[in-house]
Amino acid sequence: MTKPTTKSFITVLQITILVLFFSSCTNNSKQAILLPAANTIPIDDDDSRDSVLLKAAHVIPSENQMNALKDEFIAFVHFGPNTFTKLEWGNGMEDPAVFNLKNLDTDQWCRAMKDAGMKKVIITAKHHDGFVLWQSRYTKHGVMSSPFEDGKGDILKELSLSCKKFGIKLGVYLSPADLFQIESKEGLYGNLSKYTKRTIPREVEGRPFENKTTFEFEVDDYNEYFLNQLFELLTEYGPIDEVWFDGAHPKRKGGQQYKYRDWKKLITALAPNAVVFGKEGTRWCGNEAGATRDTEWNSIPYTEDPRTMNLFADITGEDVASIDKLMKGKYLHYQPAETNTSIREGWFYRNDDEQQVRNTDDVFDIYERSVGGNSIFLLNIPPNREGIFSEKDVKVLQETGKRIKETYGTDLLEKAEGPVELLDANEDTFMVLDNDKLILEFKLPKEAKINRFVIQEDVKRHGERVSKHALDVWINGDWQEVVSSTNIGYKRILRFPEVTTNKFRLRILDYRAIPVLQNVSAHYYKSRPPVLEMHRTKLGLVDIAPKMADFKWNPHGENASGNLTKGMKIVYTTNGELPSESSTEYKEPFAFANGMVKALAIMNGEVGSMSEHNFGLLKNKWKVIDDNGSVKEHNGDMLIDENKDTFWQSEKNLINKQYVTLDLGEQTSISAFKYTPPTTVATGMIQKGIIYSSLDGENWKAIENFEFGNLINDPTPRMHKFKSSFSTRYIKLMALEIAGANDSAAIAELDFYK
C-alpha cells in the first residue's frame with residue numbers, strides 16, 4: 001500500500017469512528033472526541049472537502065483565545081503627542097514638550113468603560129511616533145521628558161491601578177514601527193547593526209528589575225530595544241491580558257526585520273494569560289469602520305504553520321474561511337477576529353466641535369453585529385487634552401451599557417422547558433445534536449415579548465460546526481420562521497421584529513460536523529421609533545429610511561437605526577397634512593415631482609417624531625452649461641446629482657467672479673432656491689451672491705442678491721425666498737463673497753422651488 005493510500009485510509013477510518021462514536025453519545029456526554037480537537041490542525045495533500053470540513057470543525061480556541069472571546073466588548077485608548085498636535089500619525093520628531101498634560105484621571109476612563117460593560121482596555125503605550133507613556137529605562141523620548149508631573153508621570157502606572165480598582169483587564173499596544181528610532185541620528189531602527197547574542201533585559205544602573213527573569217536572544221539593536229521595553233511592560237504594569245501589534249509602517253529604514261518569535265517567547269513566559277493580536281492569537285477584522293461579515297468563521301486557513309510564522313498578513317476579504325478557502329490552506333488555525341473602530345472620527349482626540357462622535361444606536365448596533373457575529377468588539381475612546389474622556393463620549397458609553405444590560409441582563413428562557421444543558425447558564429455543560437435532535441423546542445410558562453435570540457456553540461471543546469440555522473415562533477397555532485442565519489460559533493445574536501409567544505423552535509439546517517451547542521437565551525430589546533430621513537433620486541424616486549448616523553470617518557455602510565428597528569411601519573403624506581397610522585404606508589420608493597413629504601415611524605404602537613422634506617423641482621432634465629472652470633474631481637454635475645456628499649468646486653484665483661449656469665430643460669416658475677454647502681471641506685462656502693435668469697441663455701436679468709451667514713461653523717442647507725416669483729429656463733448663480741476670504745466656490749447641491 002502506498003503512503004498516500006495509507007493517509008486516505010486513515011482519514012476515512014477517523015471519520016467512520018467519529019460517526020460511530022457520536023451515534024452512541026448521550027446528550028450530556030463529556031468524553032473526548034476521537035478526532036482530536038486542537039488549536040492548529042494540518043491539512044494533508046489527499047484530504048477531501050469533507051475531511052477538511054471535519055478537521056475545521058475540530059479546531060478550537062486556546063485558553064487565552066477563549067478568554068478573549070468571553071471579554072466580548074473591550075476598549076482601545078489612543079493617547080500621546082497626537083492628542084496635542086491633533087494629528088493621526090506623528091512624525092517621530094515631536095518635542096516631548098507638546099505632551100503638555102496637566103491632569104490625568106484614569107479612574108474616569110475605567111468608570112466609563114465599566115458603565116459600558118467593557119471588560120478590558122488596550123492602551124497605546126507606544127504609537128508609531130515612538131513616544132512612550134511609561135517611565136522606560138531605554139529611551140528619553142516619552143513622558144519622562146514632558147511637562148507632565150515634571151517628567152515623573154507614568155500613564156501606564158496610573159491606568160494599571162485604575163484597572164485593578166474597577167476590575168478591568170489591561171492590554172498594551174507597542175508599535176513595532178518607531179519613527180523616533182528611524183529619524184533620530186542615533187536611532188536604532190534599521191541601523192544595520194549585527195545580530196548577536198544579547199541578554200534581555202539589559203541592565204540599567206540604578207533601575208533594577210524586581211522580576212529577575214532573564215532571556216538570551218540573538219537579535220540586532222532595534223529588536224533588543226523592543227524586547228527590553230516589552231519586558232518592562234509585562235513585568236511592571238501587569239497582569240497583562242493582551243499584547244497588540246499592528247502592521248502599520250509610516251516609514252521603513254535599513255531593511256529592518258522584526259523577530260516576532262523571540263517577542264512571543266518573552267510574552268509567553270512573562271504574560272502567560274495574554275492573547276497576542278495581529279499574530280496567531282487574534283486577528284484584524286479587515287476594516288476600521290465597525291463593518292462585520294455576515295459569516296465570520298474563526299477556523300482560518302494558513303499556507304504555513306502559524307505556530308512558527310514570523311509575519312502575519314492582514315485578512316481583509318469578505319470570504320475568510322469558506323470551504324473553498326479552507327481547501328487552499330495547509331493548516332487550519334483558530335483565530336478570533338477583533339472588530340475595531342473608534343467612537344470618534346479618528347483614533348486620536350482632536351476637538352469637540354468638528355470631530356463627530358458615534359451615537360448610541362451606532363455603537364449598540366456594532367456591538368450586536370460583532371459580539372453577536374462571532375467576533376470581539378474593540379472600541380477606541382481617545383482621552384482629550386484634559387486627560388479624561390470627553391462628556392459626549394462618556395454619555396454614549398453609559399447609554400450603550402444601559403441598553404446592553406437592559407436587553408441581555410434578563411434571560412426570558414430562565415424558566416422555560418427545554419434541554420437543560422442549554423438553559424442552565426453553565427459553561428461546562430453542552431448538548432450533542434444527533435440527527436434526531438436537530439430541532440429544539442423551548443416553552444415558556446406564559447407568553448412574552450421577544451426580538452433577540454442568542455445561541456452559542458461549545459467552541460471551547462468542540463469547535464465551530466453549524467453553518468445554517470433558523471428560528472421559529474409559535475403564532476396563532478402554527479410555527480412561523482422569524483429569522484435565519486449562517487454560522488454560530490462563540491455567539492450568534494439573532495435580531496427580528498418583535499413577537500409575543502411562549503414557544504420557540506431552533507432548527508439546525510446545515511453543519512460541518514455533528515453540532516454541539518452550549519447555551520441559548522431569549523431577550524427583548526425595547527426598540528424606539530427612529531428619526532427618519534428622505535432622499536430623492538435624480539429621476540424623482542423618494543426613499544424614506546431611518547436616519548443614518550452623521551459619522552463620515554470610515555463608514556461601515558450599515559444603517560444602525562434600521563438594524564435596531566426591524567418590524568417598524570413608516571407612514572407618509574404628500575399633501576401637507578400630518579401623517580397618522582391611517583396614512584399611506586411606505587413600502588418602496590415612490591415617484592414625486594416637488595413639494596412637501598411628511599413621514600413618521602410607528603414601532604410596537606409607539607409613534608416617533610415627524611420628519612419632513614420640501615423637495616424642489618425635478619433635476620432629470622437639468623444640465624450644467626457653464627461653470628467658469630471647475631476642479632476636475634468636483635465637476636459641475638455634482639451640484640445637481642441629488643447627492644449632498646459630492647460637491648462642485650470652482651478653480652481658485654479666477655479673475656472673474658465664480659459662477660455656475662444651469663439649463664432647467666424647460667421654462668418654469670421659480671419662487672425660492674436652496675443652497676447646500678459641502679460638509680467635508682470648510683472652504684468654498686458662498687456667503688454672498690446674486691441670481692440671474694434668462695429665457696434664451698443669452699440675455700440675462702439680475703433677479704436678486706442673497707446672503708447666508710455663519711456657514712463655516714454651521715454648514716447646513718440655506719433657503720432663500722425671492723421677493724416675487726419669476727419665470728425662467730436658465731439660471732446663473734454668481735458668488736460675490738466666499739466665507740473666510742477664500743477664493744474658490746463650492747456647492748454640494750442646488751435646488752429651486754416653484
Side-chain angles (χ1 to χ4, degrees), residues 534-542 574 576 589-597 613-632 634-644 646-651 654-678 684-708 717-738 744-754:
M534 288 167 257
H535 173 262
R536 187 180 66 182
T537 68
K538 197 168 181 178
L539 295 177
L541 290 177
V542 174
T574 58
F590 59 93
F592 186 67
N594 60 82
M596 183 70 73
V597 176
H613 192 104
N614 188 11
F615 290 100
L617 297 170
L618 275 181
K619 303 177 184 178
N620 58 328
K621 297 180 181 179
W622 291 18
K623 292 180 181 179
V624 176
I625 57 176
D626 188 5
D627 59 13
N628 197 28
S630 62
V631 177
K632 183 179 179 181
H634 298 292
N635 61 65
D637 289 338
M638 292 182 175
L639 65 86
I640 58 171
D641 62 359
E642 294 282 18
N643 183 355
K644 62 183 180 182
T646 63
F647 60 93
W648 163 75
Q649 187 169 25
S650 69
E651 293 179 351
L654 292 173
I655 298 174
N656 301 318
K657 297 290 184 182
Q658 294 96 332
Y659 66 83
V660 61
T661 305
L662 303 177
D663 177 0
L664 304 183
E666 60 187 11
Q667 188 171 328
T668 187
S669 179
I670 302 293
S671 66
F673 87 96
K674 182 172 68 177
Y675 165 61
T676 300
M685 308 289 188
I686 302 176
Q687 191 163 277
K688 294 181 181 180
I690 185 170
I691 295 291
Y692 295 89
S693 77
S694 172
L695 294 174
D696 58 10
E698 295 181 3
N699 300 295
W700 294 92
K701 177 183 178 181
I703 299 297
E704 208 165 288
N705 285 40
F706 63 87
E707 181 175 352
F708 304 127
R718 305 302 177 87
M719 185 77 78
H720 177 87
K721 189 173 183 180
F722 296 109
K723 294 174 183 177
S724 58
S725 298
F726 60 95
S727 184
T728 188
R729 172 169 174 169
Y730 299 92
I731 291 280
K732 179 186 293 184
L733 183 151
M734 178 176 287
L736 300 178
E737 185 178 307
I738 309 297
S744 175
I747 303 173
E749 207 65 29
L750 205 55
D751 293 274
F752 287 90
Y753 297 83
K754 281 190 175 181

Output side-chain donor-acceptor pairs under 3.5 Å for residues 700-708, partner residues at least two apart or in another chain, one line each.
| from | atom 1 | to | atom 2 | distance (Å) |
| --- | --- | --- | --- | --- |
| Glu704 | OE1 | Lys723 | N | 3.1 |
| Glu704 | OE2 | His720 | NE2 | 2.8 |

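- Remark: Ser630 engages Asp627, Asn635, Trp648 in a side chain to side chain contact (heavy atoms under 4.5 Å, CB included) (not counting sequence neighbours).
- Judged purely by distance below 3.5 Å, without hydrogens or angles, the side chains of Ser727 and Gln667 pair a donor atom with an acceptor atom.
- Under the salt bridge (Lys or Arg N to Asp or Glu O under 4.0 Å) criterion, Asp637 pairs with no residue at all, not counting sequence neighbours.
- With sequence neighbours excluded, no residue forms a ring pair (Phe, Tyr, Trp, His ring centres under 6.0 Å) with Tyr753.
- Listed by chain and number, the residues in a side chain to side chain donor-acceptor pair (under 3.5 Å) with Glu737 are Gln687 (sequence neighbours excluded).
- Residues passing the side chain to side chain contact (heavy atoms under 4.5 Å, CB included) test with Leu541 are Thr537, Pro589, Ala591, sequence neighbours excluded.
- For His634, the side chain to side chain contact (heavy atoms under 4.5 Å, CB included) criterion is met by Val631, Met638, Phe647, Gln649, not counting sequence neighbours.
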For residues 617-625, please give each side-chain donor-acceptor pair under 3.5 Å, one per line with the distance, not counting sequence neighbours.
| from | atom 1 | to | atom 2 | distance (Å) |
| --- | --- | --- | --- | --- |
| Lys619 | NZ | Glu749 | OE2 | 2.8 |
| Lys619 | NZ | Leu750 | O | 3.0 |
| Lys619 | NZ | Asp751 | OD1 | 3.0 |
| Trp622 | NE1 | Leu618 | O | 3.0 |

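- Here the side chain of Ser671 pairs a donor or acceptor atom with the backbone of Lys754 at under 3.5 angstrom.
- Tyr675 is not listed as a side-chain neighbour of Leu733, based on a closest heavy-atom distance of 4.5 Å or more.
- The side chain to side chain donor-acceptor pair (under 3.5 Å) search around Glu698 returns none, not counting sequence neighbours.
- The side chain to side chain contact (heavy atoms under 4.5 Å, CB included) search around Asn699 returns Asp696, not counting sequence neighbours.
- Every residue was checked against the side chain to side chain donor-acceptor pair (under 3.5 Å) condition with Asn614, not counting sequence neighbours, and none meets it.
- By the ring pair (Phe, Tyr, Trp, His ring centres under 6.0 Å) test, Phe592 pairs with no residue at all, sequence neighbours left out.
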